[in-house]
Amino acid sequence: MSNLVTQLTQLAKITGAPEADLTIVAEGNIAVLEPGTNRFLVKASGVVMGNATEDDWVYLNLDRCAQILIDADKKGVTDKLDKAFDAILKESVTPNGKVRKASIETMVHVVAFHLMGATWSLHTHPTPVVALAASKDAAKHYSGTVFPDEAVVCGPVPLFLPYASPGLSLGLGVYQGVEKYQDKYGRSPGQIILGNHGLCTFGSVSSEALSTTQIAVKAAKIRVGALSSGGINFIPKKAAQAIAFRPDEILRRKMLSE
Ligand SMILES: [Zn+2]
């Protein structure tokens, strides 16, 4: 079994551990781009992260998936595109050649690989993040960063996206949200908050995606604490940007991912 499959399974066990409070039952998923190829591995549909085995990952073709997002970006989510996406999910195969349906949230990872240059993509449903993402003023609570490491590790401003139905609509929302963010900030978001849903983080190695998730969860707990203590006082935007782009902080972020 490939090294990537072993790493995926290890990361799934860590994120699916009950004490981590990142996913329960079949929630969440992980994907990794296979270096030097045009395919990626993603969790098969219905697999419980904490119980994942090396047989629970399936291969998908990145270009085929990305083309569906590009078409949806032009025409919107049509029945034809929905069916094409469903067909791709159903045709996916495990490294052992067994056909298994891929996760319906696959497109979130496709955006990470196609637009953001990430090779690891982790999607979870941490309780404090979902609590904020399901709150009345969710966008406001995520309009800035709350402590320096959040800006360093997750980027100067989180990308908050309103609720979208799981599947192609969710993928399209993330695709368009990331494009807008990149135009505005000249970099990719480090954390994406999906309204009423969860968290997406990324990396060039599995530990980077995990440490970014851990910082994002801590940042969510701090927001909840600040809201119960009279309201959130964000780091001033310019200061957050300065930290996020400072050379020594970029080096620190790099060291965190090693
Ligand atoms: Zn999800």
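Only this structure's heavy atoms are used, side chains among them; waters, hydrogens and symmetry mates stay out. On a predicted model such as this, the values are computed, not experimentally measured, just so you know. Counting starts at 1 for both ligands and their atoms, in listed order.
- For a distance bound of 2.8 Å, the N, O or S atoms of Glu27 include none lying that close to the Zn ion (ligand 1).
- Side chain to side chain, Trp57 and Thr9 meet the donor-acceptor criterion of an N or O pair below 3.5 Å.
- Rounded to the nearest 10 degrees, the angle NE2 (His123) to the Zn ion (ligand 1) to NE2 (His125) equals 100°.
- Under a 3.5 Å cut-off, the side chain of Ser165 and the backbone N or O of Ser169 do not form any donor-acceptor pair.
- In this structure a side-chain-to-backbone donor-acceptor pair under 3.5 Å is present from Arg223 to His141.
- His109 and His114 share no donor-acceptor pair across their side chains, judged by distance under 3.5 Å alone.
- Draw a line from the Zn ion (ligand 1) to OE2 of Glu105 and another to NE2 of His197, and the angle between them is 90° (to 10°).
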